[in-house]
Amino acid sequence: MAVSSTIYPACFVSAAAGDRRTSDSGAPPRPEKLGSSSFLLGGAPRFSGLSSATILRFPPNFVRQLSTKARRNCSNIGVAQIVAASWSNSSQSFEAPRSAASADAVVAPEVAAEDANLGACGGSESRFVESPVGEAKVSAAVAKAAASLSSDGSLAVHAGERFGRVITTDAITTPVVNTSAYWFNNSDELIDFKEKRHASFEYGRYGNPTTQALEEKMSALERAESTLFVASGMYASVAMLSSLVPAGGHIVITTDCYRKTRIFIENELPKMGISVTVIDPADIESLKSSLDQNNVSLFFSESPTNPFLRCVDIELVSQLCHNKGALVCIDGTFASPVNQKALTLGADLVLHSATKFIGGHNDVLGGCISGSEELISKIRLYHHVIGGVLNPNAAYMILRGMKTMHLRVQNQNSTALRMAQFLEEHPKIIRVYYPGLPSHPEHHIAKRQMTGFGGVVSFEVAGDLNITKKFVDSLKIPYIAPSFGGCESIIDQPAIMSYWDLSGSERAAKYGIKDNLVRFSFGVEGFEDLKADILQALEKI
C-alpha cells in the first residue's frame, strides 16, 4: 500500500534511533548537498526493511525507513507519517526505475537543491538574480517562481511551496515542523556547523522550515531578496527600528500612523539617543528640509496610513532619501502585497502586520519585513538575540490564509470602493477617507502606485461621540474590534477604541482623531447586505 510521507532536507532530517545505518565512524553521515534530482516523485522502489510499495523514489545509496516513534509523536497537520532517512554505502537496497518513462512520469518542481534544501537552512550563500518586475534582487527560488507564474494569485498559492519549499514531501500542503531544536550526528558535525561547512537551523529561534516556506512566499509576492517573519507586526517595527537606526540617529515619520508605533518611537527611541521628525505624509518640502538639516538614518511611514488612509509618494520619497543616504521603510499593511509593491517603487524595506489582510481570517498574529538580504540579515541577527519568534503553527495558518489573499483582497477592494462612494453621498456622513475617491488628497498618488485601494474605509458621522456610538452599536454585521483585513467585517470608533485615554481636545490636536470618526474594515460578506445594515444604522441616528 502507498505510504504518505514527509522527507526533510539533510540539514534537519531525523532517523529512528534503533534503525539508523551508520558509517564506519559510528554516525550516519549526512550530505552537505543533494543533487537536483534528489527527490523525484514516481516509480515504486524497494528499500531494505520496507516491503510495501511507496510513492517516492530516491537516489542510489539512499535508505528510507519509517520511524514508528516519530509517526506516533507526529504533530504535523495533514501528515500521516514522518519518514526517517539515513545514507548508506550499500546500493543493494535501491532499485532503479524500470524505464525512462517511469522516471519522467511525474515532474517535480525545478528548484535547485542548494537553494531549496541547503540555502534555506543558512549553510550556504544565497544566490540572487535580478527581479523581472523591479530593480530589487530576488533569490533564485523566488525568481524561478516569478518566471513560471504571471500573477500574484498564482504566487500566493504556489511560491515557497510548490516552488522553493525546503521540506521535500509529496503532501500538497506544507507540513508544520514543531521542534525547538535541530540535532547533530556528532561533535565534528557540530564543529562543521560552527565553521559554516554544515547547514542547520540549530535552534527554533533561529529558523524553522515551515516558517521558511512562508518567508519564500512573501519574498515572491513582494519581489524581495529576503523576508523575515516574526510574532507580530508591532514586533516587526520594533526589530526594524532597533537594528537599523544607530544610537544618536535621526528618523522621519508621518503624522498618521498606528498609535503603538508612535508611542514606541516617541517613548523608547529617545532612550537610545534617537531623535525624530514628524511630517505630514504629503509634505515633501518638510521631508527635504529634514534631510538637509539632519543626518537622517531612516524614513518610516505607513502607506496607506492608519486611520485616515493617507498615501506617501513612495517613488519620490525613496529618491529624495537615497540621495541623502537614508533608508526607506514602508508599512504596507493597509495595502497588502496584492495592492502595492513598495520595493519595486524604490523602498528599501516593506513591513506588514500579517495579522490583517495577509492572514485574513482574524485567527492568527504575525508580522514580516521584506527587503534586501543585507538589510534583512541585520534585522534577523537582532531578532535571533531578542526573540519574538513566529510559532510554526501560526506560520502554517498564515500560509493557508495567503492562498486566498488575492481573492479576498479583490473582493474587499470592490466592496470598500462602492461603499465609500455610497457613504460620500449620504447626508448623515460628513466626510469619507478612502484613497479610491477623487476627493482623497492623495488619490492621484494612489492611482499611480496601487492596483487596488484596500478594504478599509474611514468616515465621520454627522454627530458627536454619543451619536456615533449609537450608529456603531446599531450595526448588526460587523464586529466591534481593534483589527481589520479579515473575512469578517470589523468596525471601531477610534476615539474610544484607541484614544480613550486622551481627552477629546488632545485626540484632535495631536492625532486629528475626532469623536465622530469611524473606521470600517469590510470583510467578504455581500455588498448589499452590508449596505442595508449601514442604512438601517444611519436611520437610527
Side-chain angles (χ1 to χ4, degrees), residues 134-137 215 218-219 221-230 232-246 249-258 260-266 268-269 272 274-279 281 284 287 290-291 294-306 310-337 340-354 356 358 367-383 388 449:
E135 294 183 358
K137 292 181 179 179
E215 291 172 340
M218 181 56 66
S219 291
L221 284 167
E222 287 288 11
R223 313 316 195 242
E225 279 187 358
S226 184
T227 294
L228 172 65
F229 259 87
V230 294
S232 71
M234 187 64 223
Y235 173 78
S237 297
V238 170
M240 183 274 298
L241 291 166
S242 300
S243 57
L244 296 183
V245 182
H250 189 90
I251 67 172
V252 178
I253 64 170
T254 53
T255 51
D256 193 28
C257 69
Y258 177 50
K260 293 300 189 293
T261 303
R262 183 83 170 263
I263 289 173
F264 176 80
I265 289 172
E266 291 180 343
E268 301 302 322
L269 290 187
M272 296 179 275
I274 296 172
S275 55
V276 58
T277 296
V278 183
I279 66 171
I284 296 299
L287 175 60
S290 182
L291 289 169
N294 303 282
N295 184 18
V296 177
S297 303
L298 175 77
F299 172 88
F300 181 38
S301 177
E302 300 168 5
S303 188
T305 62
N306 181 21
R310 302 288 302 277
C311 295
V312 171
D313 189 333
I314 300 173
E315 185 174 9
L316 177 58
V317 166
S318 297
Q319 291 173 354
L320 294 173
C321 290
H322 292 163
N323 288 341
K324 294 292 185 176
L327 296 173
V328 174
C329 179
I330 298 297
D331 184 335
T333 300
F334 273 80
S336 87
Q340 178 178 276
K341 304 202 184 299
L343 299 182
T344 65
L345 293 167
D348 301 286
L349 295 161
V350 61
L351 182 149
H352 293 278
S353 170
K356 312 305 191 296
I358 293 171
C368 62
I369 319 166
S370 301
S372 68
E373 179 69 21
E374 178 185 2
L375 293 176
I376 298 301
S377 292
K378 292 178 181 179
I379 303 171
R380 197 182 296 272
L381 287 173
Y382 174 89
H383 168 66
Q449 66 187 24

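All residue numbers in this chain count up from 1 along the given sequence.
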Which pair of heavy atoms, one from [X] and one from [Y], lies closest together, and at what distance?
X	Y	result
Cys321	Phe299	SG-CB, 3.7 Å
Ser318	Ala347	OG-N, 3.3 Å
Ala224	Leu343	CB-CD1, 3.5 Å
Gly233	Leu351	O-CD2, 4.2 Å
Met218	Phe229	CB-CE1, 3.8 Å
Thr261	Ser237	OG1-OG, 4.4 Å

Side-chain contact, heavy-atom cut-off 4.5 Å: [X] with [Y]?
X	Y	value
Thr277	Asn294	yes
Val296	Ser290	yes
Leu241	Phe264	yes
Leu316	Ile284	yes
Ile379	Leu244	yes
Tyr258	Met234	yes
Thr305	Phe334	no

Working to the nearest 0.5 Å, report the span between [atom1] of [X] and [atom2] of [Y].
X	Y	atom1	atom2	value
Ile314	Gln319	CD1	CD	12.5 Å
Glu373	Ser219	CD	OG	9.0 Å
Leu287	Ile279	CG	CD1	4.5 Å
Cys368	Ile358	SG	CD1	4.5 Å
Ser242	Leu269	OG	CG	6.5 Å
Ile376	Leu228	CD1	CG	6.5 Å

Given 3.5 Å as the limit, does a donor-acceptor pair link the side chain of [X] with the main chain of [Y], or not?
X	Y	result
Ser303	Val312	yes
Lys324	Leu320	no
Ser370	Thr227	no
Gln449	Asp313	no
Thr344	Lys341	yes
Asp348	Val328	yes
Glu302	Gly332	no

Any side-chain donor paired with an acceptor under 3.5 Å for Ser297 and His250?
no
His352 and Thr333: side-chain donor and acceptor closer than 3.5 Å?
no
So Leu381 and Lys378, side chain to side chain contact (heavy atoms under 4.5 Å, CB included) or not? Walk me through it.
CA-CA 5 Å; Leu381 287 173; Lys378 292 178 181 179; 5.7 Å; no
I'd like to know whether Met240 forms a side chain to side chain contact (heavy atoms under 4.5 Å, CB included) with Leu349, so could you lay out the CA-CA distance, the side-chain angles of the two residues, the decisive distance to 0.1 Å, and finally the verdict.
CA-CA 9 Å; Met240 183 274 298; Leu349 295 161; 4.0 Å; yes
Taking it one step at a time, do Ile265 and Ile251 satisfy side chain to side chain contact (heavy atoms under 4.5 Å, CB included)?
CA-CA 9 Å; Ile265 289 172; Ile251 67 172; 3.9 Å; yes
So does Glu266 have more than 12 non-hydrogen atoms from other groups sitting under 6.0 Å from CD?
yes
Evaluation steps, side chain to side chain contact (heavy atoms under 4.5 Å, CB included), between Arg262 and Val278:
CA-CA 10 Å; Arg262 183 83 170 263; Val278 183; 4.0 Å; yes
Pair Arg380 + Glu215: basic N to acidic O under 4.0 Å
yes
